[in-house]
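If you read the sequence from its start, that first residue is 1, and numbering goes on from there. Counting starts at 1 for both ligands and their atoms, following the listed order. All values reported here derive from a predicted model rather than from experimental measurement.
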Amino acid sequence: MVTQEEVFKKVTAHAKEFGFVFQSSEIYDGLSAVYDYGQNGSALKKNIKDYWWNSMVRMNENILGIDAAIFMHPTTWKASGHVDAFNDPLVDNKDSKKRYRADVLVEEYIANKLESKIEKEIKKASKRFGDSFNETQFKSTNPRVLGYQEKIQQVESRLKEVQENEDMAGFKQLIEDLDIACPISGSKNWTDVRQFNLMFSTEVGSTSEGANTVFLRPETAQGIFVNYLNVQKTGGMKIPFGIAQIGKAFRNEIVARQFIFRMREFEQMEMQFFVRPGEQEKWYDYWKELRMKWHMAIGFPEGHHKFHNHLKLAHYADAAADIEFKFPFGFKELEGIHSRTDFDLKNHEKYSKKKLRYFDPEINESYIPYVVETSIGLDRMFLAILSTAYTEERLEDGTERVVLKLPPFLAPYKVAVLPLINKDGLPEKANEIVKDLKFDFECIYDEKNKIGKRYRKQDAIGTPFCITVDHQTLEDDTVTLRERDSMNQKRIEIQNLLKILSESVSMKSVLKKLC
Ligand code: GAP
């Protein structure tokens with residue numbers, strides 16, 4: 001059986017081989033946790049952005065889109081709390097000189113020393129008992145498994161305690177008590193655990209004396225908060241209304257793993273919804289439901305998404321939930337929905353000394369609105385789509401194919417036009433079809449290699465349809481239309497292509513599910 005880890009490795013390799021994602025500055029051995037999107041990756045990414053933007057901005061009269069700068073006045077980050085509280089607990093091993101996130105060391109201890117032992121016990125017992133093995137019953141009665149489970153609970157509760165109390169000495173004690181060794185040096189010679197701010201900084205200004213330290217934004221949200229009155233006034237908006245934005249964010253992540261899941265430079269798609277104080281709970285529930293609907297409308301199989309409601313809330317939130325996605329390495333956060341209260345706007349008012357109140361004509365009152373935020377990582381969404389679409393199939397003739405079963409409206413190309421052979425006027429006819437269709441769809445023309453090989457190539461990049469032009473085409477203006485997933489081929493009149501393709505690859509039907 002292929003493990004999920006192997007699947008993930010294959011997805012990563014496929015992303016590189018077919019022009020989706022490359023390691024940044026690869027010729028210099030890359031830069032950790034930074035990636036470039038290739039020709040197919042950037043097209044897929046753009047389509048995901050369009051889906052999000054259309055569903056937010058185009059479909060909602062009361063949501064407007066903006067594009068704020070990455071650099072902001074440094075006080076922004078003091079007001080938002082990022083200067084003081086956007087930290088990870090880090091610890092160094094004195095022998096290997098390697099730096100680790102203390103919480104990740106503990107989580108890896110749980111996974112490698114406790115959870116994996118439970119898995120081993122289950123495997124052993126399932127071999128022993130064969131078909132009569134009942135895993136649930138085994139897990140709730142086997143003394144060794146129960147012992148490991150108890151230990152997991154103990155460690156998790158200590159981890160939660162030191163995290164909640166920001167108790168760095170307690171963190172170090174936990175690492176020592178668990179006897180955790182550095183994976184590189186094998187030694188347990190640890191420094192103290194200390195908080196490390198995740199924001200990147202740089203200088204603006206031409207001279208070192210006159211220079212000002214500025215931060216690369218760690219979230220796009222603050223560009224929306226500081227502009228909310230500008231947009232409200234110039235857009236004539238009445239509460240409730242939203243502001244949406246897609247843009248880069250930067251975090252100096254120390255644990256750079258899992259490909260594009262955790263990056264130092266990534267993109268967020270965020271929407272801040274401004275509501276009357278006291279109405280935040282209603283809107284929080286509304287956006288939770290609608291965001292899940294957005295994910296489901298893509299057409300992924302059931303069971304890939306779940307909510308994780310936060311029990312421990314950030315200082316600015318009165319409710320928060322993640323939409324978790326089943327990545328090849330397990331269920332992980334894909335999107336956050338946060339009821340952020342009036343924390344950000346209140347602090348911006350305090351630090352800027354500018355009034356950030358909204359006058360509500362319906363109740364004749366001025367107030368600082370409350371905010372419900374939806375925040376999704378574009379790169380994580382990309383990974384969710386890519387890893388779910390990646391499929392290996394054994395065909396009836398015994399051969400294998402790799403096919404990206406991308407939702408058609410997201411595929412980099414909607415249609416490939418292929419002359420059966422590279423002569424007899426077939427390339428010219430195929431190019432005529434491309435010229436016609438390219439106004440409506442992303443098209444690709446390919447005349448290299450045998451037709452079967454060309455189909456495989458399009459399968460591998462997720463092109464939902466291939467049009468083959470053959471000698472019959474020259475006689476009766478018909479082509480073969482091959483569908484990616486079923487591989488079925490139909491003879492179609494060229495004049496009907498536009499209608500057939502439009503019905504199958506357009507975003508419209510997906511957006512309609514959300515309205
Ligand atoms: N404005 C709220 C905010 O930034 P967050 O939970 O820190 O909240 C929101 O981030 C989303 O951004 C996450 O759900 C995730 O999809 C994405 N994200 C966060 N850090 C990331 C990273 N280092 N690499 C890729 N995506 C990331």
Is it the case that the side chains of [Y] and [X] hold a donor-acceptor pair, with the cut-off being a distance below 3.5 Å and no angle test?
{"X": "Asp342", "Y": "Tyr367", "result": "no"}
{"X": "Asp177", "Y": "Gln173", "result": "yes"}
{"X": "Glu270", "Y": "Thr220", "result": "yes"}

Self-check item: Aromatic centroids of Phe273 and Tyr286 separated by under 6.0 Å
Solution: no

Practice problem: Answer yes or no: does an N/O atom from Ile260 fall short of 3.5 Å to an N/O atom of ligand 1? | Solution: no

Write out the residue and atom name of the closest protein heavy atom to [atom], then the distance separating them to 0.1 Å.
{"atom": "atom 10 (O) of ligand 1", "value": "Gln268 NE2, 3.4 Å"}
{"atom": "atom 9 (C) of ligand 1", "value": "Ser375 OG, 3.0 Å"}
{"atom": "atom 19 (C) of ligand 1", "value": "Arg251 NH1, 3.5 Å"}
{"atom": "atom 25 (C) of ligand 1", "value": "Phe261 O, 3.2 Å"}
{"atom": "atom 2 (C) of ligand 1", "value": "Glu373 OE2, 3.0 Å"}
{"atom": "atom 6 (O) of ligand 1", "value": "Glu333 OE2, 3.1 Å"}
{"atom": "atom 17 (C) of ligand 1", "value": "Gly377 CA, 3.6 Å"}
{"atom": "atom 18 (N) of ligand 1", "value": "Phe266 CE1, 3.5 Å"}

Quiz prompt | Interatomic spacing from CG in Asn47 to CG in Asn54 - rounded to 0.5 Å | solution = 10.5 Å

Exercise. Please work out whether any backbone atom (N, CA, C, O) or any side-chain heavy atom from C-beta onward of Glu335 is under 4.0 Å from ligand 1, and answer side chain, backbone, both or neither.
Key: backbone

Exercise. Quick one: look at Arg217 and ligand 1, take heavy-atom pairs under 4.0 Å, and tell me if it's side chain, backbone, both or neither.
Key: neither

Heavy-atom gap [X] to ligand 1 smaller than 4.0 Å:
{"X": "Arg340", "answer": "yes"}
{"X": "Leu334", "answer": "yes"}
{"X": "His338", "answer": "yes"}

Quiz item: Would Asp84 and Lys78 pass as an ion pair if we require N to O under 4.0 Å?
Solution: yes

Quiz item: Of Thr76, Asp344, Asn227, which is the lone residue that meets side chain to side chain donor-acceptor pair (under 3.5 Å) with Gln222?
Solution: Asp344

Quiz item: Relative to the ring of His305, is the ring of His295 parallel (under 30°), tilted (30 to 60°) or perpendicular (over 60°)?
Solution: tilted

Practice problem: Evaluate the ring planes of His348 and Phe225, with Trp represented by its six-membered ring, and classify them as parallel (under 30°), tilted (30 to 60°) or perpendicular (over 60°). | Solution: tilted

Quiz item: Which atoms from ligand 1 have a heavy atom of Glu219 less than 4.0 Å away?
Solution: 1 (N), 2 (C), 3 (C), 4 (O)

Quiz item: In ligand 1, which numbered atoms sit nearer than 4.0 Å to a non-hydrogen atom of Glu270?
Solution: 1 (N), 2 (C), 3 (C), 4 (O)

Quiz prompt | Cation-pi, Phe327 ring and Lys332 (6.0 angstrom, 45 degrees) | solution = no

